[in-house]
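These notes are about the structure you will find just below.
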Amino acid sequence: MKEINFSRIEKKWQKKWEEKKIFEVSEKSKKKKYYVLDMFPYPSGEGLHMGHAFVFSLGDIYARFKRLQGFNVLYPIGYDSLGLPAENAAIKAGEHPADYTKKSMKNFMKQQKAMGWSYDWSRVLWSHDPEFYKWDQWIFLKMLEKGIAYRKKAPVNFCEKCQSVLANEQVIDGKCWRHEDCDVEVKHLEQWFLRITKYAEDLLKGLDKIDWPENAKKRQRNWIGRSEGTEIDFEINGEKWPVFTTRPDTIFGVTFVVVSAQHNKLIDLVTPEREKEVQKFLKKIKSVSEKEMEDMEKEGVFTGSYATNPINGKKVPVYAGNFVLAEYGSGMVMAVPAHDQRDFEFAKKYGIDIDVVIQPIGENESYDGKSMKEAFVGYGKLVNSEGFNGLKSEEAKGHITTALKIKKLGREKIQYKLRDWLISRQRYWGTPIPVVYCDKCGIIPVDEKALPVELPKKVKFGKGNPLETNDKFVNVKCPKCSGKGRRETDTMDTFANSSWYYLRYTDSGNKKKIFDSKNANYWCPIDQYIGGPEHITMHLIYVRFYTKFLKDLGLIRFDEPALKYFTQGIVHASDGAKMSKSKGNVVEPLEIIEKYGADTLRLALVSSASPDKDIIWDEKIVLGSNKFLKKVYEYFNNLKFGKVDAKTESKLNKTIKEVTENVESFKHNLAIIKIRALFDSFSDEGIDKKTAEGFLKILHIYCPFITEELWEKIGGKGFVSLSDWPKVDEKKIDEKFEKAEEAVEKTVSDIMNILKIVKEKNGKEAERVYIYVIPNEINRYDSDELSKRVGKSVGVFAVNDKAKIDPEGKSKKAKPGKPGIYVE
RNA sequence: GCGGGUAUGCCGGAGCGGUCAAACGGGACGGACUCAAGAUCCGUUAGCUUAGUGCUUACAAAGGUUCGAAUCCUUUUACCCGCACCA
């Protein structure tokens, strides 16, 4: 077989598509819209990796599919070019992030075109463009106005390597999400936050109306972490201190109260005589990282104060403890050692009373605080709880809450695990936060008209935030009083950009507005979003939050960004580990393209397994795809149109039907098997034009280059890229052809079996084969084909053929669908 | 600790109550073609048995539901992933 010059074909069609701008779309189309989106990539200097090749191919396949189905498909691309990774990479390369990013993007574009992805390049955007991040700043100002953005001092996660604070979502196992070897430290700093918690309930409820994988929804629900409980006021030194509990039924068992060691009002609780002890304890805690904290034993120190239990007036000691989160609930808990394992351990350690107030129902055993080995955390019957004795836990919760409500010392409360989003980063390569600090006026937002606050190019990289090294940037007039002001030098978390970029695509050139609502409402929400599992609790929470906020602003009509979401698997290296440069196991898409062609790579990536599963890269997976495409090319290249035959028509229609369903549900592995089977059934005598076109169309979504080339070759009109998805003609699907085919297969295997047995018996091979077929099935069996399959000369006779050769009368064994066989 | 997932033949991987010794690809083996190699084509690839048949053992392990299980349920084991002192 002649080598096929894939590279020539690819370049040719890349150029044609680009020249004719065939993937550019407009809102004016009469077709129904469809918005397909892959998450926009961070343009790393290393170019595309296999994971990119995989996800974006999935997006492109789907976009092409919908386009052929007659939708007005928006399939845009952009670059998440702002952010820490770019800054760090640039510093390492000794370049300015702006230059570095520009180069990286160029490289990315080249490779993306090489992959054949059908983007509307006219809408391309990059987040380091001031015309883009201007709107980041604009949204921020709106959030400030609405009280969604705010500043507070809080214990925050700090990564030494990033030299910056991190969001809660960016801390993984106590480590920085970018630096697996860097423990995150807890620091107390004043920072900017976005009040995502205000949308906690909406974020939870919205999940019910979107078509996302159940797993993704569960993880988000888990992350939002709604729990219903009671907020109870404990009085300490004449002041009310609320605590949150999901177990108000255990309130009579409270023997102490613990306030978080990170609580900002902790000092108010400490009595003078305990101050030294408490300070010692705090110092000890401070020196441990968050990671170590997790493995640490529960520890605490008595503050010297006592809290009054509102239900019975009992006074209990107040401790400061390392196991209470300052950021959850009120940063303080009521401790019931008999019925909570952490409280139990703490009480044991410090010799605090353990009062049992719940006894299990239906068990002989009853608990006693002194002899307990661990806390009884289950539900049961109340004891030692005054008027509530005998109630079941479930009932008692309500009754006790009501009793507290009457005293105005308690109330029902819904608590979420979700924290407000910390967006300040002490780094250069991000969207500047548009505020100015003025000694007189305080925190003053930059005027909308003065946006964007541009990142100055001249900064010095080194220790600390590079932005502070540019005096012109830092020292500005106060927008309010025109006095001396100091500009905020923190920049925004990179996830701010990705939280609304999908909207900008709908009107990317707009210089006056963030986007035209008409355009956004036309294209959005995204019909099919595609991305990795790692984004479920970061980007996908944030983008939903921004969408809800922008809806509240009245800019858009919908409150969920993506109706459908597909999570693709991760591409692992051949050693099973993640592909990474340091491990030296990276395979670059470009290498494979050069060797086998882009179509081969695209086909291979989605046919090796179901795309929602992780795949282990192995060059072998490319081999089969490559062979197949060569055969296809060869076949069509030499194709002379033949006649339509009912069998092929049936097969074609059936294949189209099945492939359509498979593509719709991202089961490309199965779709491709069917496409291959269809091809295998094509006769050497050629196929008719309609069949040829149908085949090329369905293959096209996977292999756009070669199919364009062959489309042209067989005289197709225009581009296949802009043709139409073949319609299924159910009437043409006839199962009898399948049955006939199966019968032939069975006959072949029967013959092979007999040949084998005969060889074993006689010690030598038979030379000829005769089969005897029921007369009306005679057309199913072709002598030449059978001979080829079996590797022997096969004679085909009808059972009633007088001239048949049948020395052993085997023709009598023939049945419908099962010919008699004789070998000699 | 909580939550999610996965376990299939030499390998990757379909299958999700009967039509399953199990799609498809890769590998291996045998054959055709060739002077030869490659490519291509055909076949074989659990075991025994048999002129195209039948049987046995099989889908991590053990139980169960069912007329019937790779497929459903329970328990166990192993691996992967997410969350994690959330009161």
Side-chain angles (χ1 to χ4, degrees), chain A residues 1-3 172-174 213-216 218-223 225-227 229-230 243-247 250 258 260 293-298 321-325 327-336 339-343 345-346 377 415-419 533-534 536-537 570 572 576 604 607-610 612-616 618-625 627-628 630-631 634 667 669-670 672-674 676-677 680 742 746-762 765-766 771 785-792 808 810 813 818-823:
Chain A
M1 194 186 276
K2 208 176 72 209
E3 263 315 296
I172 295 158
D173 269 344
E214 221 25 68
N215 181 32
K218 265 189 190 141
R219 275 173 62 187
Q220 286 215 348
R221 282 195 191 103
N222 209 249
W223 187 264
R226 182 184 201 267
S227 52
T230 307
V243 303
F244 175 74
T245 180
T246 52
R247 294 295 301 271
T250 64
V258 191
S260 168
M293 202 110 119
E294 277 167 25
D295 314 320
M296 228 164 60
E297 213 181 310
K298 287 157 196 38
N322 64 352
F323 68 98
V324 176
L325 299 171
E327 298 297 297
Y328 184 77
S330 57
M332 182 183 249
V333 297
M334 59 178 227
V336 186
H339 306 294
D340 181 281
Q341 189 55 28
R342 291 157 305 190
D343 299 347
E345 284 166 34
F346 193 90
V377 298
Q415 186 66 49
Y416 301 91
K417 284 191 213 172
L418 187 71
R419 314 286 163 77
E534 69 275 23
I536 291 170
T537 51
I570 296 165
H572 294 289
S607 57
S608 108
S610 179
D612 57 346
K613 295 235 166 96
D614 291 358
I615 54 176
I616 292 177
D618 187 332
E619 202 159 321
K620 275 194 215 138
I621 69 168
V622 165
L623 263 29
S625 302
K627 256 197 256 179
F628 171 65
K630 281 182 180 164
K631 279 191 274 182
E634 201 77 352
K667 301 235 181 231
N669 52 330
L670 301 181
I672 289 162
I673 287 170
K674 281 151 200 162
R676 276 169 172 259
D680 287 342
E742 272 167 39
K746 187 75 174 55
T747 303
V748 169
S749 96
D750 283 348
I751 295 171
M752 297 308 291
N753 193 210
I754 295 168
L755 287 172
K756 190 188 99 197
I757 294 162
V758 166
K759 188 185 171 186
E760 276 162 13
K761 266 197 176 156
N762 303 350
E765 297 220 21
I771 67 168
E785 194 208 327
L786 287 174
S787 301
K788 195 172 139 200
R789 295 280 301 267
V790 164
K792 301 266 182 274
E808 291 189 12
K810 297 282 185 194
K813 290 191 92 170
K818 195 170 155 80
I821 300 165
Y822 171 68
V823 307

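Naming: A, B, ... by sequence-line order, numbering from 1 per chain. None of these values were measured; they are calculated from a predicted model.
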Checklist entry - Base, sugar-phosphate, or nothing for A:Lys818, non-hydrogen atoms under 4.0 angstrom? => result base
Checklist entry - Which nucleotide, B:rA87, B:rA14, B:rA51, lies nearest any side-chain atom of A:Leu670? => result B:rA14
Next on the checklist: Considering every strand and a 4.0 Å limit on heavy-atom distances, what is the contact class for A:Gly820: base, sugar-phosphate, or nothing?
Outcome noted: base
Next on the checklist: Is the phosphate of B:rG43 approached by A:Lys756 (side-chain N or O, under 4.0 Å from OP1 or OP2)?
Outcome noted: no
Item to check | Out of B:rC85, B:rC83, B:rA51, whichever nucleotide has its closest atom nearest the side chain of A:Lys298 | outcome: B:rC85
Checklist entry - Any side-chain heavy atom of A:Phe244 within less than 4.5 Å of one from A:Ser227? => result yes
Checklist entry - Does A:Thr246 reach the main-chain N or O of A:Gly229 with its side chain, forming a donor-acceptor pair under 3.5 Å? => result no
Checklist entry - Expressed in whole Å, how much space separates the P atoms belonging to B:rU44 and B:rG25? => result 13 Å
Checklist entry - Quick one: is B:rA14 close enough that its OP1 or OP2 comes under 4.0 Å of any side-chain N or O from A:Lys613? => result yes
Checklist entry - Does any non-hydrogen side-chain atom of A:Leu755 lie less than 4.5 Å from one of A:Glu765? => result no
Checklist entry - Taking atom P in both B:rA70 and B:rC16, what distance in whole Å separates the two? => result 13 Å
Next on the checklist: How many whole angstroms separate atom CZ of A:Arg789 from atom P of B:rC41?
Outcome noted: 13 Å
Checklist outcome for this item: Ranking A:Val333 and A:Ser608 by the position along RNA chain B of their nearest nucleotide, the one closer to 5' is A:Ser608
Item to check | Sugar-phosphate only, base, or nothing, as touched by A:Glu808 at under 4.0 Å among non-hydrogen atoms | outcome: base
Checklist entry - So do the side chains of A:Val336 and A:Arg247 get within less than 4.5 Å of each other, counting heavy atoms only? => result no
Checklist entry - Checking all strands, does A:Pro213 fall into the base, sugar-phosphate, or nothing category for heavy-atom contacts under 4.0 angstrom? => result nothing
Next on the checklist: Say we look at B:rG17 and B:rG26: how far apart would their C1' atoms be, to the nearest angstrom?
Outcome noted: 31 Å
Checklist entry - Using a cut-off of 4.0 Å on non-hydrogen atoms, how would the nucleic acid contact of A:Lys813 be classed: base, sugar-phosphate, or nothing? => result base
Item to check | Among B:rA87, B:rG15, B:rC83, the nucleotide that comes nearest once only the side chain of A:Thr537 is considered | outcome: B:rC83
Item to check | Carboxylate-amine/guanidinium contact A:Lys218 A:Glu214, below 4.0 Å | outcome: no
Checklist entry - Looking across every strand, which nucleic acid part, if any, lies under 4.0 Å from A:Lys761 by heavy atom: base, sugar-phosphate, or nothing? => result sugar-phosphate
Checklist entry - For B:rA22, which nucleotide in any strand shown is its Watson-Crick or wobble partner with both distances under 3.5 Å? => result none
Item to check | Candidates B:rA87, B:rU53, B:rA51 - which lies nearest the side chain of A:Thr246 | outcome: B:rA87
Next on the checklist: Work out how far the P atom of B:rG5 is from that of B:rU53, and round it to whole angstrom.
Outcome noted: 42 Å
Checklist entry - Rounded to the nearest Å, what distance is computed from the NZ atom of residue A:Lys788 to the P atom of nucleotide B:rU40? => result 14 Å
Checklist entry - Taking the side chain as C-beta and beyond, is there a heavy-atom pair between A:Thr747 and A:Ile751 under 4.5 Å? => result yes
Next on the checklist: When both hydrogen-bonding distances must be under 3.5 Å and the geometry is Watson-Crick or G-U wobble, what is B:rG17 paired with, if anything?
Outcome noted: none
Checklist entry - Between A:Phe323 and A:Phe346, what is the ring plane arrangement, given parallel below 30°, perpendicular above 60°, and tilted in between? => result tilted
Checklist entry - Of all the choices, B:rG82, B:rU53, B:rG43, which nucleotide is nearest to the side chain of A:Val748 once you look at every atom? => result B:rG43
Item to check | Value in whole Å for how far the P atom of B:rC42 lies from CD of A:Glu765 | outcome: 19 Å
Item to check | Strand partner of B:rA28, provided both Watson-Crick or wobble distances fall under 3.5 Å | outcome: B:rU44
Next on the checklist: Regarding A:Val324, tell me which of base, sugar-phosphate or nothing describes its non-hydrogen contacts under 4.0 Å with the strands shown.
Outcome noted: base
Checklist outcome for this item: Partner of B:rG38 under the Watson-Crick or G-U wobble criteria, both distances under 3.5 Å, comes out as none
Next on the checklist: Rounded to whole Å, how long is the line connecting atom NZ of A:Lys674 with atom P of B:rA23?
Outcome noted: 14 Å
Checklist entry - A:Leu623 CG to B:rG25 C1': how many Å, rounded? => result 10 Å
Item to check | Closest listed nucleotide, where the reference is the side chain of A:Ser227 and the choices are B:rC24, B:rG43, B:rA87 | outcome: B:rA87
Checklist entry - Do A:Thr245 and A:Val333 have side-chain heavy atoms sitting under 4.5 Å apart? => result no
Checklist entry - Within this structure, what is the CD1-to-C1' distance between A:Ile616 and B:rG25, rounded to whole angstrom? => result 16 Å
Checklist outcome for this item: Whole-Å distance, A:Arg219 CZ to B:rG5 P, equals 12 Å
Checklist entry - Taking the same atom, P, in B:rG31 and in B:rC59, what whole-Å distance lies between them? => result 34 Å
Checklist entry - Just how far, in rounded Å, is P of B:rA84 from CZ of A:Arg419? => result 8 Å
Next on the checklist: Within the 4.5 Å heavy-atom criterion, are A:Arg219 and A:Pro533 side-chain neighbours or not?
Outcome noted: yes
Next on the checklist: Please classify the nucleic acid contact of A:Tyr822 as base, sugar-phosphate, or nothing, using heavy-atom distances under 4.0 Å.
Outcome noted: base
Checklist entry - Is there a side-chain polar atom (N or O) of A:Lys218 under 4.0 Å from OP1 or OP2 of B:rC83? => result no
Checklist entry - Just checking A:Asn215: base, sugar-phosphate only, or nothing, at a heavy-atom cut-off of under 4.0 Å? => result sugar-phosphate
Checklist entry - Hey, which of these two, A:Ser607 or A:Glu327, hits RNA chain B nearer its 5' end, going by closest nucleotide? => result A:Ser607
Checklist outcome for this item: With the side chain defined as heavy atoms from C-beta on, A:Arg676 is closest, among B:rA14, B:rG25, B:rC85, to B:rG25
Checklist entry - Is A:Val336 touching bases, backbone alone, or none of the nucleic acid, heavy atoms closer than 4.0 Å? => result nothing
Checklist outcome for this item: Any strand, both distances under 3.5 Å, Watson-Crick or G-U wobble: B:rU50 pairs with none
Item to check | Counter-base of B:rG1, judged by Watson-Crick or G-U geometry with both distances under 3.5 Å | outcome: B:rC83
Checklist outcome for this item: Answer for the Watson-Crick or wobble partner of B:rU6, both distances under 3.5 Å, is B:rA78
Item to check | C1' gap between B:rG4 and B:rA84, integer Å | outcome: 14 Å
Checklist entry - What nucleotide among B:rU53, B:rA87, B:rG15 has an atom nearest to a side-chain atom of A:Lys667? => result B:rG15
Next on the checklist: Between B:rC24 and B:rG15, how far apart are the two P atoms, rounded to whole Å?
Outcome noted: 14 Å
Checklist entry - So which nucleotide from B:rA51, B:rC83, B:rG26 ends up closest to the side chain of A:Trp223? => result B:rC83
Next on the checklist: Taking the C1' atom in each of B:rU71 and B:rU19, what is the distance between them to the nearest angstrom?
Outcome noted: 15 Å
Checklist entry - Looking at side-chain heavy atoms only, is the closest gap between A:Lys674 and A:Leu670 below 4.5 Å? => result yes
Next on the checklist: Under 4.0 Å, counting only non-hydrogen atoms across every strand here, what does A:Ser610 touch: a base, just sugar-phosphate, or nothing?
Outcome noted: sugar-phosphate
Checklist entry - If you check every side-chain atom of A:Val758, which of B:rA87, B:rU53, B:rA51 has the closest atom? => result B:rA51
